[in-house]
Protein chains: 2
Amino acid sequence: MLKEERKQLILNEVRIHNRVLLTDIAELVDVSVDTVRRDIKELHDEKKLKKVHGGAISLGFYHYDVPEKEVYSIEKKSLIAKKAIRLLKNGQVVLFSGGTTNLELAKELPHSLTITCFTPSLAIANQLVKKHNVEVILIGGKLSKDSQIAVGGTAINMLSDMKADLCFMGTNSIDLEHGLTEFDWEIVEMKKAMIKASKKVVAPVISEKIASFQRYKICNIEDIDVLVTELDPADGVLQKFKEMNISLL
Amino acid sequence: MLKEERKQLILNEVRIHNRVLLTDIAELVDVSVDTVRRDIKELHDEKKLKKVHGGAISLGFYHYDVPEKEVYSIEKKSLIAKKAIRLLKNGQVVLFSGGTTNLELAKELPHSLTITCFTPSLAIANQLVKKHNVEVILIGGKLSKDSQIAVGGTAINMLSDMKADLCFMGTNSIDLEHGLTEFDWEIVEMKKAMIKASKKVVAPVISEKIASFQRYKICNIEDIDVLVTELDPADGVLQKFKEMNISLL
DNA sequence: CAATTTATTGCAATATTTTGCAGTTTAACA
DNA sequence: TGTTAAACTGCAAAATATTGCAATAAATTG
């Protein structure tokens with residue numbers, strides 16, 4: 001393994017977990033702790049992370065402290081992303097909605113994957129363009145200020161002209177009875193159009209969002225084909241979904 | 001095996017695996033490591049990959065989290081931006097092409113300004129959404145990898161349905177005889193459509209780009225209404241433009 | 001076409017970088 | 001304050017980089 005590669009891996013680990021232990025990395029890439037220590041020292045000098053006793057932590061984490069909850073949710077999202085990526089195959093056309101879980105998914109897409117991605121989300125497009133083998137197609141329209149997602153007629157029209165193999169539908173609220181729901185009507189319209197434009201709908205969600213609902217409905221639970229959570233598919237919380245014939249990951 | 005063949009092979013390996021080892025390539029194509037090293041050095045100089053100790057890694061991989069690339073001659077661009085902003089009035093509809101000068105313009109837009117901005121550029125949209133009183137409308141389409149601008153039929157269609165008050169047309173080459181020119185045909189098509197979609201065309205350009213031209217033509221000099229440079233409007237370089245009835249700023 | 005230049009490639013000598021190890025020092029924590 | 005894990009130092013082996021050079025192939029020129 002190249003040194004630079006190792007350094008990238010360390011940075012990525014820090015980004016996902018906010019901290020790394022020298023010993024973990026050493027074991028992971030099978031080099032001595034000394035080497036990892038030197039790598040981290042260099043990254044520290046490059047101001048890419050903060051070296052601490054026993055390992056390193058992310059710069060952002062150190063300066064303004066992220067609430068504990070947030071840290072763990074990044075790890076959960078990363079796990080969900082890794083699971084969801086297993087659904088992707090070369091040559092597919094994929095539609096990404098917005099949301100932080102989908103953002104993590106976009107970040108962690110392997111560079112070797114050759115797919116075409118449609119997205120109305122600025123943040124996700126920013127990540128996708130970094131992947132050399134991913135063709136990115138921006139869905140245009142008025143940018144909703146808070147979610148940074150293109151909404152409105154233009155965007156929905158563009159969606160009506162396409163059919164994706166897969167849609168990663170991020171969501172804030174999912175509930176057995178109420179289905180997928182949102183509080184912003186413009187976003188609801190977009191998401192409805194996205195579901196219509198896809199053969200298969202995948203919902204990557206953190207388990208804490210299960211059994212919550214908002215004002216406006218996007219779709220029924222049955223409209224979801226695959227549910228990806230950070231939990232084990234055998235977890236009790238998910239069994240009702242399984243009974244409704246939704247694949248779990 | 002030809003040298004260029006080898007270089008293509010190396011690039012391809014990097015594209016797929018995100019890294020190559022000198023020794024692997026040397027064995028694969030049966031040349032000495034010295035030769036491979038020289039090939040990789042050239043590719044590095046061409047900025048096609050990043051040479052590292054023991055091999056090379058892909059640029060995208062390396063720049064995992066470096067969103068902001070340093071802008072060349074930022075002071076001049078900032079001055080141009082400040083001048084160009086004087087052309088804006090509340091309530092206007094403005095079209096932004098890509099380019100670093102336009103990016104600087106987007107960054108420096110005052111928060112008090114209430115305008116509607118259309119842009120096919122990811123980087124510029126990123127800046128514009130930060131301005132609370134700016135409504136941003138993303139022009140969708142296939143994202144060109146290097147320029148990060150939406151191009152193609154969808155984007156051009158969207159432009160054909162609109163009329164902006166003003167268009168900030170960034171450019172790499174401007175010349176009295178050849179007009180505005182570009183080397184990428186897809187971008188040329190977009191820029192043509194943008195000019196057609198605007199009542200008034202403003203070209204913010206660094207003076208060093210004056211009197212240079214590329215392969216493909218966007219428009220004639222006369223199609224430009226206002227030329228904004230970092231120079232004093234009385235500067236000798238600009239007088240020919242004044243004679244052609246172009247406003248200087 | 002012959003002569004000359006230029007580009008490409010491999011090799012050898014030397015320099016530099018990377019890495020792991022051992023010994024010592026420093027910092028964390030109960 | 002003593003114990004332990006981690007950090008630092010210097011060092012040597014291995015891998016990689018650099019440089020100059022010579023042999024050969026390819027292109028250019030008169």
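Fair warning: this is a prediction, and the values are worked out from it, not measured in the lab. Proteins come first, then strands; the chains are lettered A, B, ... in the order of their sequence lines, and each starts at number 1.
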**Message:** If you assign each of A:Asp34 and B:Leu22 to its closest nucleotide in DNA chain D, which residue comes earlier from the 5' end?
**Reply:** A:Asp34

**Asked** To the side chain of B:Thr23, which of C:dG10, C:dT19, D:dT16 is closest?
**Response** D:dT16

**Complete:** Of the candidates D:dT16, D:dA7, C:dT9, the side chain of B:Arg37 sits closest to D:dT16

**Message:** Quick check on A:Phe213: does its CZ atom have over 12 non-hydrogen neighbours (other residues, nucleotides or ligands) under 6.0 Å away?
**Reply:** no

**Request:** Quickly, which of A:Lys7, A:Arg6, A:Lys48 forms a salt bridge (charged side-chain N to carboxylate O under 4.0 Å, His left out) with A:Asp39? Name it, please.
**Result:** A:Arg6

**Request:** Indicate, with a heavy-atom threshold strictly under 4.0 Å, whether B:Val33 touches base, sugar-phosphate, or nothing.
**Result:** nothing

**Message:** Counting distance alone, no hydrogens or angles: does the base of C:dG20 have a donor or acceptor under 3.5 Å from a partner atom on the side chain of A:Arg38?
**Reply:** yes

**Message:** How many whole angstroms separate atom CG of A:Leu2 from atom P of D:dA15?
**Reply:** 15 Å

**Prompt:** side-chain hydrogen bond (donor to acceptor under 3.5 Å, both in side chains) with A:Gln92: which residues, sequence neighbours excluded?
**Reply:** none

**Message:** Check whether B:Ser58 reaches the backbone of B:Arg15 with its side chain - one donor and one acceptor, N or O, closer than 3.5 Å.
**Reply:** no

**Message:** Can you identify which nucleotide, out of D:dT18, D:dA6, C:dT17, has its nearest atom closest to the B:His53 side chain?
**Reply:** C:dT17

**Asked** Base, sugar-phosphate, or nothing for A:Lys51, non-hydrogen atoms under 4.0 angstrom?
**Response** sugar-phosphate

